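Encoded as structure tokens, the structure appears first; notes follow it.
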2 protein chains.
Amino acid sequence: MKSRTHATDESPRTEIDSSFLKTLVGYNTRRATLRIMDVFTERMDALGLTQVEFSALSIIGRNPGVTPSQLCAELGLLAPNLTKILLRLDRQELLNRKALPTDRRAVALSLSAVGTKLLREAESRAVELELEASSALTSKQRETLISLLQKIYS
Amino acid sequence: MKSRTHATDESPRTEIDSSFLKTLVGYNTRRATLRIMDVFTERMDALGLTQVEFSALSIIGRNPGVTPSQLCAELGLLAPNLTKILLRLDRQELLNRKALPTDRRAVALSLSAVGTKLLREAESRAVELELEASSALTSKQRETLISLLQKIYS
DNA sequence: TATTGTTATACTCTATAACTATA
DNA sequence: TATAGTTATAGAGTATAACAATA
């Protein structure tokens, strides 16, 4: 076993060794997520959207007619929590909700004109802040990173 | 503008298009984090450790004498929240706390014998579950992934 | 006067159970 | 009887303000 450099145990330290945690994929994905989400929150605040509200808006905008249960599955949310998210989006007049003729329990979601306009602006900001938050990466590295991440959660 | 394939708008859908979100680094890091954290929680439950408790324990174990404020900076925690985490670890008799002779406001943290033993087991499980959660990656890809993630948050 | 760490507390997220209306 | 969606609520996680002890 290799000896580890240390002064007297329990003396005050100036440098913290976190090299072990940094060998763990989960630790690194979490730190990266927190960093990007900070930037996201700051930039999207002016539009009144949290990141999960943004994700929901984007899926609805690109999949008109999607149902809440499909949204839950796609975004990994629980139904009662999605209900609250949709309520907030609804209060801002961003959504249309229409009972499905084929199954009147289910709801077809789509964006209102206001919602569509907001989504366009939000997606454009998202792309911008994303590139900025990953500006230490070349576009090739960024592609590689995304593809490796998808191997983990797919 | 390209036309998008669709049936009648607001008809029920079978396939959801989330290709836009999947071009965002933040969306992918978040999904990967959630997946790995699920595995982590499941496997570490038997040891009674959450992931942040594990991170704290690991930093303390590898940096005896570290203070709470240093831990906060290292793990991105706020002081009042770390207090609660340390209290939980303390209740399990995992910690030693000793006022610094040079500054009696500050506390030198280290692991008890029990804490050291638990950490050894926990780190071994962490490495194992990590490799499993990233089993879709070659070890070279895993290295690449970690290095790209660190470019984002460092 | 500033800093370390604690207490109290509030807000958001996430999770579970029970309900309704449809099927 | 089962499913889509809602309501109510409980529990983490995260945030701010105010305090005691020490510097």
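Because the structure is predicted, anything quoted here is derived from the model rather than measured. Both backbone and side-chain heavy atoms feed into the values below; hydrogens, waters and symmetry mates do not. Order of the sequence lines fixes the chain letters, A, B, ..., with proteins taken first and strands second; residue numbering starts at 1 for each chain.
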Q: Measure from the side chain of B:R104, starting at C-beta and using heavy atoms only, and say which of D:dA23, C:dA23, C:dG5 lies closest.
A: D:dA23
**Q.** Spacing of B:L95 atom CG relative to C:dG5 atom C1', expressed in whole Å
**A.** 15 Å
Q) Looking only at atom types and distance, does a side-chain atom of B:E53 sit under 3.5 Å from a main-chain N or O of B:L89, one as donor and one as acceptor? A) no
Q) Taking the side chain from A:D90 and the backbone from A:L86, do they hold a donor-acceptor pair closer than 3.5 Å? A) no
**Q.** Rounded distance (Å) that lies between atom C1' of C:dG5 and atom CG of B:L89
**A.** 16 Å
Q) Would you say a side-chain N or O of B:T83 is under 4.0 Å from OP1 or OP2 of C:dT6? A) yes
Grab the N/O contacts between the protein and nucleotides 1-4 of chain C below 3.5 Å, and write none if there aren't any.
from: C:dT3; atom 1: O4'; to: B:R105; atom 2: NH1; distance (Å): 3.4
from: C:dT3; atom 1: O2; to: B:R105; atom 2: NH1; distance (Å): 2.7

Q | Derivation and outcome, salt bridge (Lys or Arg N to Asp or Glu O under 4.0 Å), residues A:E121 and A:R125 | A | CA-CA 6 Å; A:E121 171 64 21; A:R125 287 195 190 206; 2.8 Å; yes
Q) Rounded to whole angstrom units, what separation is found between the CG atom of A:L71 and the P atom of D:dT6? A) 11 Å
Q: Return the value, rounded to whole Å, for the distance between atom CG of B:L87 and atom P of C:dG5.
A: 15 Å
Pairs under 3.5 Å (N/O, protein and nucleotides 13-17 of chain D):
from: D:dT14; atom 1: O4; to: B:K84; atom 2: NZ; distance (Å): 3.0
from: D:dA15; atom 1: N7; to: B:N81; atom 2: OD1; distance (Å): 3.4
from: D:dA15; atom 1: N7; to: B:N81; atom 2: ND2; distance (Å): 3.1
from: D:dA15; atom 1: N6; to: B:N81; atom 2: OD1; distance (Å): 2.9

**Q.** Linked, directly or transitively: B:L129 and B:L118 (ILVMFWY side chains, under 4.5 Å)
**A.** yes
Q. Minimum heavy-atom separation for B:C72 to B:L82, with atom names?
A. SG-CD2, 3.6 Å
(Q) Measure CG/B:L82 against C1'/C:dG5 and give the value in whole Å, please. (A) 10 Å
Q: Could you tell me the separation between the CD1 atom of A:I85 and the C1' atom of D:dT7, rounded to a whole number of Å?
A: 16 Å
Q: Could you check how far NZ of A:K98 sits from C1' of D:dA4, rounded to whole Å?
A: 18 Å
Q.
Would the distance check show the side chain of B:S135 and the main-chain N or O of B:E132 forming a donor-acceptor pair, the cut-off being under 3.5 Å?
A. yes
Q) What pair of heavy atoms forms the shortest contact from A:F40 to A:Q51, and how long is it? A) CE2-CA, 3.4 Å
Q. Hey, is the main chain of B:F54 close enough, under 3.5 Å, to the side chain of B:S58 for a donor-acceptor pair?
A. no
Q: Considering non-hydrogen atoms only, spot the tightest contact between B:G61 and B:L111 and give its length.
A: CA-CD1, 3.5 Å
Q) Starting at CG of B:L100 and ending at C1' of C:dG5, how long is that distance when rounded to a whole Å? A) 12 Å
